[in-house]
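Comments concern the structure below.
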Amino acid sequence: MRNKKFLWLAAMMLILTMFLAACNGSDDANATDDEEKTEDTGDTGDSGEDTGDEGSDEEAEGEPQQGGTLTYALDAAPEGLFHWNWYGIVTDAEVLGLFDDNLITFDEELKPQPNIASWETEDNKVFTFTFKEGVMWHNGDELVVDDWIFSLETLAHPDYDGPRYSNVQTIEGAEAYRNGEADSISGIEKVSDYEVKITFDKARVNNLLNLWTYPMNRTEFEGIEVADMEGSDPVRRDMVGTGPFKVNKVVPGESVELVANENYWQGKPNLDKIIVKVIDSTAVTGALENEDVDIVAVHPTIGKDVEAMENVELRTAPGLSYYYVGFKLGKFDNEAKEVTEQKDKYADKQLRQAMMYSINRQEWIDAFFGGYGKVVNRPVPTAHWIAADNSELNTYEYDPEKAKELLDEAGYVDTNDDGFREDPNGDEFVVNFAHYATGNPTFESRAKALTQYWEEVGLKSTLEMIEVNQYYDMIEKDHEDMEAFFGGWGYGADPDPSALWKSDQLWNYPRWVNEESDQLLDDALDVEVVGTDQEKRKDLYVEWQKIVNEELPMLFITELDEIYGVNKRVGGLTLDVSGMNSPHEWFVTE
C-alpha cells in the first residue's frame, strides 16, 4: 500500500489548497528553505521525465529484519499541524504519512485503489463505500463510518477555517450545512457502521478523486468546538491515527518520536521506532555521510555528492510538478469570477514564443539543479497519465536565431541602435521579471540567468526579488508591478487542471482567457461526454495541452525528480511516482 505523500498523492484540489495555504501562510514545506519548499507546493517543481531511476528500489539485502530505529530527517521544521484536515505544509504531511492512513490509496499510474475502504458507483454521482472491519485507532477505538462522517461535517462546518472545504463542497447538501441551513449533510447516508452512501450534487468524472477521504477520531475531539480544533492537542501534541506507527513524543519544531503500532491493520511493522528530526538544509550531506540520518530528501544541487557516498543510495522517482515563467495577460475580478481587463504588453504570441526559444532550458537545469530534471513543454508533468507526448507538441528547442526571427516578424526591433529592441510602437520594451526571495542566494542566480537569455536576443530585462509571502499576494491580486513572474505547480492524482487554467478561476495566474481551452476542460469532466472512458478523457486533455503549448500563456521550464538519500542499511523501502510505500514494510539491518 502506498504511503500518501502530499505532492504525489493528494487530489488536485488538495494540492492546490495546500499550496495556497503555504504561500499565504507560514513557511510551507513548500515555501521554505525555502524555496524548495516553496517550490514544492505550488511553487515548485518536481518532476517528471526520465531523469533517474524511475522508482528505484535498491535496498538492504535479505529478509526483513525485526526491530531497530530508523531516523527520518526533514530539512525544514514542521508547522506542527499534524492532522490531515488542517496541515498546510509538506513537512507536516511527511510526518502524518507515518502514523495515519487514507481510506483509499493510489497505484503507480495514480489511479485510486481501495485501502481501508472500497467503493461502488453506477453513475459517478452516488457512491457506496464499505469499510474494512477491525481497523483500530491508536487509542483502541474501532474505525467506523461515523469517524469519516464526523470529518466531512467538520470540513463543512461554518467554523472550519482550514483549506479543505473544497473537498466536501460538492457533496449534496454540504453548502446548506455550511450556511447553517441544515443540521446535517443530506448527501451523506449512514447504512451501517461499515457502510455509507455519499451523493454528490451532480455526476462528475472526478468526484471520487476530489472527495476528502481522511476520517477523524471522534473520541479524541469530543467536546472540542470546530473553531478550536486547529490548536487542540489531537492536532498538535497527542495525535491519534490508524497508521503503522503511533506518536510517542513531539518536540515542536525539532522532532517527532513514533513507535510501532502492534495492532496495525496490515500487520505489525518491522521497525520498533522512527525518529523524525529536523536538520538544516545545509547539513544534509554531512548527516548522510556521518550516518546521523537514514532517509532525507536531497536537493538536486547535492545529488552528485550523495551519489558518490559509499554508505548511501540516491533514490529517485519522477515528480509531479513543474517550474514556469508566467505572464500577466489581464486582471481578474474575484467577485465576478472573470478576467475584466486585458493587458497588451505580452499579448503577442510570437513574443512569448521567442522568449521560450531564447532559453537554454537544459543548460539552466544542469547549472541550477545538477541535471536532475528535464525540459517540459506542457502544463502536465511527464509522469502523469494524461501527459501529451512531445511528438504532439512544439518542443521549443533552444534556438536564439529563431527567437530573433520571431521578434523581428512581430515588430520588436532595435530602432535606436542601443542593442535592445523597442516594441512595435517604437517605445522602450523591458521584460520586468520577478522571482520570490527566501534567503537562498541561488534563486537570484537562476533568475538572472533567465534574464540574460532574453537579453541575448535583444530584450532588455530587469529582475526584482520579492519576499515569498508578499510575492504570491502580488501575483494573486494582479499587482501592477507583476508582469512576468517565476513559479511552479504540483500535480495530484486527479488530472483536472481547471482550478489553474479555467478563465473563471482565481489561480489562473496568467489571466489567460481561451474559450476552446475552457470547453475542453469542461468536456473532460462531463460524464455525458467521456463516460468512464479514461482514454477519451485523456484525448481531450491532450488537445488542451496542444493549445496551451502553442499559445504559451506561460513558458514551461523544467520538471524535476523526487530525490532521497537512503542509508544502505535501510530495506523494504520503494519509491515511485505515487510516493514511498507504507513504512510498516521498512526495516534496518543493523
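G253 approaches A77 most closely through the heavy-atom pair O-CB, 3.8 Å. Between D101 and G243, the shortest heavy-atom contact is OD1-CA, 3.7 Å. The minimum heavy-atom distance between D107 and K111, with the atom names listed, is OD1-N, 2.8 Å. Across all non-hydrogen atoms, the minimal contact from K246 to A260 is CE-O, 3.8 Å. Pairing each heavy atom of Y214 with each of N102, the nearest pair is OH-ND2, 3.3 Å. In this structure, S321 and G490 approach most closely via the heavy-atom pair CB-CA, 3.6 Å.
Two residues are said to be in side-chain contact when any heavy atoms from C-beta on lie closer than 4.5 Å; V431 and K460 fail this criterion. Side-chain contact check for I279 versus V284: some heavy-atom pair is nearer than 4.5 Å. Put simply, the side chain of F420 reaches to within 4.5 Å of the side chain of E455, judged on heavy atoms. Using a 4.5 Å cut-off on side-chain heavy atoms (C-beta onward), F99 and V240 make no contact. Residues K304 and E307 meet the side-chain proximity criterion, which asks for heavy atoms closer than 4.5 Å. The shortest distance between side-chain heavy atoms of W586 and N270 does not fall below 4.5 Å. Side-chain atoms of R378 and V376, non-hydrogen and from C-beta on, do get closer than 4.5 Å to each other. Counting heavy atoms from C-beta outward, F486 and L450 have side chains that approach closer than 4.5 Å.
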Worked check of side chain to side chain donor-acceptor pair (under 3.5 Å) between T395 and N377: CA-CA 6 Å; T395 55; N377 298 303; 5.4 Å; no

Checking side chain to side chain donor-acceptor pair (under 3.5 Å) for the pair W212/N85: CA distance, chi angles, key distance, verdict? CA-CA 9 Å; W212 192 250; N85 290 22; 2.8 Å; yes

I would like to know whether R236 and E230 meet side chain to side chain contact (heavy atoms under 4.5 Å, CB included); could you show each step before the answer? CA-CA 8 Å; R236 294 182 177 271; E230 181 176 321; 4.1 Å; yes

Decide side chain to side chain contact (heavy atoms under 4.5 Å, CB included) for D473 and E476; before the verdict, give the C-alpha distance in whole Å, the side-chain angles of both, and the deciding distance to 0.1 Å. CA-CA 5 Å; D473 186 63; E476 189 166 296; 5.6 Å; no

Are D233 and R237 close enough, and set up right, to give a salt bridge (Lys or Arg N to Asp or Glu O under 4.0 Å), and what steps lead you there? CA-CA 5 Å; D233 285 353; R237 286 167 287 277; 2.5 Å; yes

Test E363 against Y398 for side chain to side chain donor-acceptor pair (under 3.5 Å), laying out the working first. CA-CA 10 Å; E363 179 182 71; Y398 174 56; over 6 Å; no

Stepwise side chain to side chain contact (heavy atoms under 4.5 Å, CB included) check, R164 with W84: CA-CA 9 Å; R164 313 253 143 65; W84 295 111; 6.0 Å; no

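Without hydrogens or angle criteria, Q545 side chain to A388 main chain gives a donor-acceptor distance under 3.5 Å. With hydrogens and angles ignored, the 3.5 Å screen pairs no side-chain donor or acceptor of D272 with any backbone N or O of T69. A side-chain donor-acceptor contact under 3.5 Å links S461 to the backbone of L459. At least one donor-acceptor pair under 3.5 Å links the side chain of R352 to the backbone N or O of L552. Distance alone, capped at 3.5 Å, is enough to place a donor-acceptor pair between the R511 side chain and the L506 backbone. The main-chain N or O of T242 is found under 3.5 Å from a side-chain atom of D100 such that the two form a donor-acceptor pair. Y509 places no side-chain N or O within donor-acceptor distance of the main-chain N or O of F485, the cut-off being under 3.5 Å. Y471 places a side-chain N or O within 3.5 Å of a backbone atom of A434 that can act as its donor or acceptor partner. At least one donor-acceptor pair closer than 3.5 Å links the side chain of H138 to the backbone N or O of G241. Under the 3.5 Å distance criterion, the side-chain polar atoms of N248 are left unmatched by any main-chain donor or acceptor of L258.
Remark: L98 CG to L70 CG distance equals 9.0 Å, nearest 0.5 Å. Between N432 atom CG and T462 atom OG1 the span is 3.5 Å, to the nearest 0.5 Å. Taking OH of Y436 as the start and CE of M465 as the end, the distance is 8.5 Å to the nearest 0.5 Å. Atom-to-atom distance recorded for L96:CG and W86:CH2 is 11.5 Å, nearest 0.5 angstrom. Going from atom CD1 of I104 over to atom OG1 of T213 covers 4.0 Å, rounded to the nearest 0.5 Å. Within the model, atoms OG1 of T382 and CG of N390 stand 6.5 Å from one another, a figure rounded to the nearest 0.5 Å.
Ring centroid separation for the pair Y396 and Y357 comes in under the 6.0 Å cut-off. Under the 6.0 Å cut-off for aromatic ring centres, Y453 and W364 do not qualify, their centroids lying 6.0 Å or more apart. Taking the centre of each ring, Y491 and W489 stay at or above the 6.0 Å mark.
Of the listed residues (V259, V95, L271), just one forms a side chain to side chain contact (heavy atoms under 4.5 Å, CB included) with F245, and that residue is L271.
Within a 6.0 Å radius of NZ in K249, other residues, nucleotides and ligands contribute 12 heavy atoms or fewer. For NZ of K477, the number of neighbouring non-hydrogen atoms (other residues, nucleotides, ligands) closer than 6.0 Å is 12 at most.
Using cut-offs of 30° and 60° on the angle between ring planes, the pair F556 and W501 is tilted. Ring geometry, Y322 versus Y324: the interplanar angle falls from 30° to 60°, so the pair is classed tilted.
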